[in-house]
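Both counts, for ligands and for their atoms, begin at 1 and track the order of listing.
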Amino acid sequence: MGPGHITLDRTASREAQTASREAQTASHEVRTEDVEPLRLLDPEGRVLDERRLPDLDEPSLKELMRRMVFTRIWDSRAVSLQRQGRLGFYAPVSGQEASMIGSEFALDKDDFICPGYRDMPPLYWHGYPMHQLFLYSRGHQHGGRVPEGVSALMPQIIIGAQITQAAGVAMGFKLRRKPNVVIAYTGDGGSSQGDFYEGLNVAGVFRLPVIFFVSNNRYAISTPLHRQTAARSIAHKAVAAGIRGVQVDGMDVLAVYSAVREAADLARRGEGATLIEALTYRYGPHSLSGDDPTKYRTKAEEGEWERLDPLVRFRNFLLARGLWSEREEEDTIGQAKETVAKEMEKAESAEKMTIPGLLETMFEHLPPGLEEQRSGGTMIWPK
Ligand SMILES: Cc1ncc(C[n+]2csc(CCOP(=O)(O)OP(=O)(O)O)c2C)c(N)n1
């Protein structure tokens, strides 16, 4: 333990564990100094160090690419559908595919996702049906009805408000001795919310199997990172909570996968929570509700991040290994367009919402006050 290093654990036994891990602590793990993001591919997709690559077989590597391409097409279709008035609220994801896809890919099916409004891709790849995500966007009550067997909450529009819940689910896993972990997604803006610190604190105290995944895309709508926090990095916020803090290149899908996989393995072994800060960028606006990125970002900055496009970078990596082709990419694009069209049709043919329907979705048994209103006619109930 050298000068400037903070002991993250409080008890002697934990100190011993920390000390044994200390020797292996990699440069992407937070101390008090600046942190270097974990990065496995250079911006052109060349491997930086073969020995650090995650143990993924060829079909898995291809699947990562397939999911990222699919997601980019789905995103661009969703933007058009919103412009046509067929979707409501939509927060574009292009640029953030590596963070979103790589993180979910590192989880098991029974691991639990607490998403924010932008995190449709991890939800979808975890089993949440796309037409329900479209219904959510349209404000339809069935959009938030999580299907049986899908380990997730519906997307949370209130920033940071799923962080304490994530700690709660993790507490449930721990009490029931389940080998599962929880991941909570939020943004750089979300990491300034009170709930964020509360969730991290509880996770630290009870050593909970949870991963707090901050997609730091540098802006909370128009608020830039330097107006968001004076911390050296968002990953540093882990230090005060006594949990592990890690920074990762969020445009490098293999690095994101590795960071989450390692955090999940540690959590499953009872070593508690990790805060992961993924450095990423959204290429589009915050949402389609009217913000104009040209008012708060420069063309030069956008160009720098476009050069790091996670799809191009990973495609280069796969091409160098003979694992990707134009044909596969075109097939994936076709599949994405077809799936989006079918799922949109499903969403558009959903039954219309009614107020009784809304209450039935919310309550298994209507509370007496509401029951009385319904039967007593003090409220007008549409048919
Ligand atoms: C508690 C709360 N305050 C304000 C808002 C309005 N709001 C919606 S998104 C947003 C910015 C969030 O930015 P960030 O957490 O960085 O996530 P990003 O949208 O960049 O993914 C704000 C302030 C909100 N939804 N919830």
Side-chain angles (χ1 to χ4, degrees), residues 71-72 74-75 78-79 82 87-104 113-124 133 136-137 139 143-144 152-167 183-200 211-231 233-238 247-251 256 260 275-297 301-302 305-306 308 310:
T71 300
R72 179 146 311 170
W74 164 21
D75 183 65
V79 170
Q82 199 277 349
L87 287 180
F89 177 80
Y90 184 70
V93 301
S94 141
Q96 298 187 209
E97 294 91 346
S99 297
M100 292 181 165
I101 306 296
S103 54
E104 193 282 332
I113 297 187
C114 297
Y117 46 84
R118 202 181 300 283
D119 307 303
M120 303 289 170
L123 267 186
Y124 174 65
L133 296 171
Y136 167 82
S137 164
L153 293 179
M154 65 183 281
Q156 174 56 269
I157 197 93
I158 304 166
I159 58 177
Q162 76 285 35
I163 307 291
T164 48
Q165 284 83 343
I183 189 165
Y185 290 94
T186 194
D188 37 299
S191 79
S192 298
Q193 290 291 114
D195 299 31
F196 179 82
Y197 297 100
E198 292 175 26
L200 262 65
I211 300 165
F212 303 104
F213 190 93
V214 178
S215 303
N216 174 5
N217 62 15
R218 313 191 75 77
Y219 295 89
I221 313 183
S222 55
T223 303
L225 191 61
H226 71 271
R227 301 300 298 269
Q228 194 62 251
T229 180
S233 75
I234 290 174
H236 276 80
K237 296 185 180 192
Q247 199 179 57
V248 62
D249 181 337
M251 311 299 264
V256 173
V260 175
L275 166 62
I276 298 179
E277 175 187 14
L279 304 177
T280 183
Y281 204 74
R282 65 168 153 77
Y283 292 153
H286 165 75
S287 74
L288 301 178
S289 311
D291 75 300
D292 173 4
T294 63
K295 296 226 161 64
Y296 56 86
R297 302 195 307 207
E301 181 187 287
E302 288 178 357
W305 283 91
E306 276 159 19
L308 300 174

Query - Nearest atoms (heavy-atom pairs only) where Gly95 meets Pro310 - result: O-CG, 3.6 Å
Query raised in the report: Heavy atoms only: which of Asn216, Ile159, Asp195 is nearest to atom 3 (N) of ligand 1?
Result: Ile159
**Report entry** ligand 1 to Tyr219 polar contact by distance, N or O atoms, under 3.5 Å
**Finding:** yes
Query - Proximity flag Thr186 to ligand 1, non-hydrogen atoms under 4.0 Å - result: no
Report task. State, with a plain yes or no, whether a side-chain heavy atom of Ile276 is found less than 4.5 Å away from one of Ile183. Result -> no
Report summary line: protein heavy-atom neighbour closest to atom 21 (O) of ligand 1 works out as Arg118 NE, 2.9 Å
Query raised in the report: Any N or O on Gly189 sitting closer than 3.5 Å to an N or O of ligand 1?
Result: yes
Report task. Would you mind running through ligand 1 and noting each atom that sits below 4.0 Å from a heavy atom of Asn217? Result -> 18 (P), 20 (O), 21 (O)
Query raised in the report: Among protein heavy atoms, which sits nearest to atom 22 (C) of ligand 1, and what does the distance come to when rounded to 0.1 Å?
Result: Ile221 CD1, 3.8 Å
Query raised in the report: Are any of the heavy atoms in Gln193 under 4.0 Å away from ligand 1?
Result: yes
Query - Flag for Gln228-Ser192: side-chain donor and acceptor within less than 3.5 Å - result: yes
Query raised in the report: Just by distance, with hydrogens left out, do Tyr185 and Ser103 show a side-chain donor and acceptor under 3.5 Å apart?
Result: yes
Report task. Using the six-membered ring wherever Trp is involved, compare the ring planes of Tyr124 and Trp74 and label them parallel, tilted or perpendicular (cut-offs 30° and 60°). Result -> perpendicular
Query - Closest protein heavy atom (residue, atom, distance) for atom 25 (N) of ligand 1 - result: Ile157 O, 3.0 Å
Query raised in the report: Looking only at protein heavy atoms, which one is nearest to atom 9 (S) of ligand 1, and how far off is it?
Result: Tyr117 OH, 3.1 Å
Requested in this report: Any chance you could measure Phe196, atom CZ, to Thr186, atom OG1, to the nearest 0.5 Å?
Outcome: 7.0 Å
Query raised in the report: Can you list every pair that meets salt bridge (Lys or Arg N to Asp or Glu O under 4.0 Å) and has a residue in residues 90-100, with sequence neighbours left out?
Result: Arg72-Glu97
**Report entry** Contact (N/O only, under 3.5 Å) between Gly190 and ligand 1
**Finding:** yes
Query - Of all pairs that satisfy salt bridge (Lys or Arg N to Asp or Glu O under 4.0 Å), the ones with a partner from residues 281-293, not counting sequence neighbours - result: Asp292-Lys295
Query raised in the report: Are any of the N/O atoms in His286 less than 3.5 Å from those in ligand 1?
Result: yes
Requested in this report: Determine, counting only non-hydrogen atoms of the protein, whether one lies under 4.0 angstrom from atom 6 (C) of ligand 1.
Outcome: no
Report task. Using modelled atom types only, decide if a donor and an acceptor are shared between the side chain of Ser137 and the backbone of Phe89 within a distance under 3.5 Å. Result -> yes
